[in-house]
Amino acid sequence: MADIREGGSAGVRQWLRGIEVFARPLPAFAHEQAPAEPAALFVTWLAEAVAAGLPDPHAMTLSTVDAAGDPDARVLILKGVDSSGWQFASHAFSPKGGQLACHPRAALTFYWPEHGRQVRVRGSVTPGSAQDNAADFLGRSATARAQALLGRQSQYLTDPAEQEHALEKSLALIGREPSLVDSAWTL
């Protein structure tokens, strides 16, 4: 690896060009046999990825833009998909929550390299109903709910001990009020 770095950008470029891509048999795709509804094809491909034991097949990249129009991306877990769209969860006070409040459009990218498949979805984003948001929140583990209640997604962790103490307090609150729902949680 040292010789690649010493070669500068030209050396890295040549090295990258030499890496084989999709050098294995890949599943065939007959577009004329694909269902008319894109969500149905997506669910079929997702099921194939799960059946093949691919790691994290429901992980996706969510891309948004901030108030200045600068793009941002992060990996999330798909919560659901149907003919009305793809669902993911967010905290309203997280960077993605703020970005979606400012510009309620996003793009999702799923990639299953072992199958040579990529799915890209883009469009408007609408928050779930209060009932759906609460159901999603309560369906999370106690630790995940406690973390969400802290409202610190994507914030720098300056003092791990402080974070641990805050999490313990949040877990205790959930223990006392197991049906507590964070009103800023959105599906």
Side-chain angles (χ1 to χ4, degrees), residues 1 4-5 7-66 68-92 94-129 131-133 135-137 139-141 144 148 153-154 185-187:
M1 186 68 182
I4 294 167
R5 287 179 283 199
S9 63
V12 171
R13 188 176 310 112
Q14 281 302 111
W15 173 67
L16 289 172
R17 286 185 179 153
I19 299 173
E20 285 195 58
V21 179
F22 304 125
R24 62 196 168 281
L26 298 173
F29 176 62
H31 63 81
E32 64 279 355
Q33 295 175 358
E37 175 59 45
L41 177 60
F42 172 82
V43 170
T44 298
W45 283 4
L46 177 60
E48 289 174 5
V50 170
L54 303 188
D56 308 316
H58 56 329
M60 62 187 183
T61 301
L62 168 70
S63 301
T64 57
V65 296
D66 65 14
D70 292 325
D72 204 353
R74 76 285 286 150
V75 176
L76 299 179
I77 297 299
L78 179 68
K79 296 291 186 169
V81 62
D82 56 29
S83 60
S84 67
W86 281 251
Q87 295 93 39
F88 59 89
S90 176
H91 195 279
S94 70
K96 68 181 165 291
Q99 290 166 356
L100 289 169
C102 184
H103 297 288
R105 296 188 57 78
L108 305 176
T109 306
F110 297 85
Y111 181 49
W112 303 294
E114 297 84 350
H115 288 176
R117 290 179 174 159
Q118 172 179 236
V119 173
R120 299 179 309 151
V121 179
R122 66 179 177 178
S124 60
V125 176
T126 56
S129 68
Q131 182 179 0
D132 289 342
N133 295 343
D136 183 75
F137 187 81
R140 298 167 61 84
S141 71
Q153 285 186 357
S154 299
W185 191 255
T186 349
L187 179 63

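Side-chain atoms are counted along with the backbone in the values below, which use heavy atoms only and exclude waters and symmetry mates.
- The heavy-atom pair separating Ala52 from His115 by the smallest distance is CB-NE2, 3.7 Å.
- Summarising the local packing, CD of Glu20 is surrounded by 12 or fewer heavy atoms from other residues, nucleotides or ligands at distances under 6.0 Å.
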**OP:** Report the C-alpha distance between Asp56 and Val75 in whole Å, list the side-chain angles of each, state the deciding distance to 0.1 Å, and finish with yes or no for side chain to side chain contact (heavy atoms under 4.5 Å, CB included).
**Re:** CA-CA 11 Å; Asp56 308 316; Val75 176; over 6 Å; no
Subject >> Stepwise side chain to side chain contact (heavy atoms under 4.5 Å, CB included) test for Phe137 and Leu187 >> reply: CA-CA 9 Å; Phe137 187 81; Leu187 179 63; over 6 Å; no
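- Summarising the geometry, atom CE belonging to Met60 is positioned 10.5 Å from atom CZ belonging to Arg74; distances are rounded to the nearest 0.5 Å.
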Original post:
Going through the distances and angles, do His103 and Thr64 end up as a side chain to side chain contact (heavy atoms under 4.5 Å, CB included)?
Top reply: CA-CA 8 Å; His103 297 288; Thr64 57; over 6 Å; no
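- For Ser94 against Ser90, the heavy-atom pair with the smallest separation is OG-OG, 3.5 Å.
- Residues Tyr111 and Arg117 share a closest heavy-atom pair of CD1-O, 3.3 Å.
- The minimum heavy-atom distance between Thr186 and Ala92, with the atom names listed, is OG1-N, 4.3 Å.
- Each of Asp136, Leu108, Val81 was evaluated against Phe88; a single residue qualifies, Leu108, per the side chain to side chain contact (heavy atoms under 4.5 Å, CB included) test.
- With values rounded to the nearest 0.5 angstrom, Gln118 atom CD is found 6.0 Å from Thr109 atom OG1.
- Annotation for Arg122: atom CZ does not count as buried by contact number, only 12 or fewer foreign heavy atoms lying within 6.0 Å.
- When all heavy atoms of Leu62 and Lys96 are compared, the pair lying nearest together is CD2-CD, 3.8 Å.
- Here the side chains of Gln87 and Asp82 are in contact, with some heavy-atom distance below 4.5 Å.
- Shown here for Thr61 and Ala73, the closest heavy-atom pair between the two residues is CG2-CB, 3.8 Å.
- Side-chain contact between Pro55 and Glu114 is present, with at least one heavy-atom pair separated by less than 4.5 Å.
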Original post:
So Asp66 and Asp72, side chain to side chain contact (heavy atoms under 4.5 Å, CB included) or not? Walk me through it.
Top reply: CA-CA 7 Å; Asp66 65 14; Asp72 204 353; over 6 Å; no
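- Between Trp45 and Phe110, the ring center distance fails the sub-6.0 Å criterion.
- The aromatic rings of Trp185 and His91 lie perpendicular to each other, with more than 60° between the two planes, well past the 30° mark.
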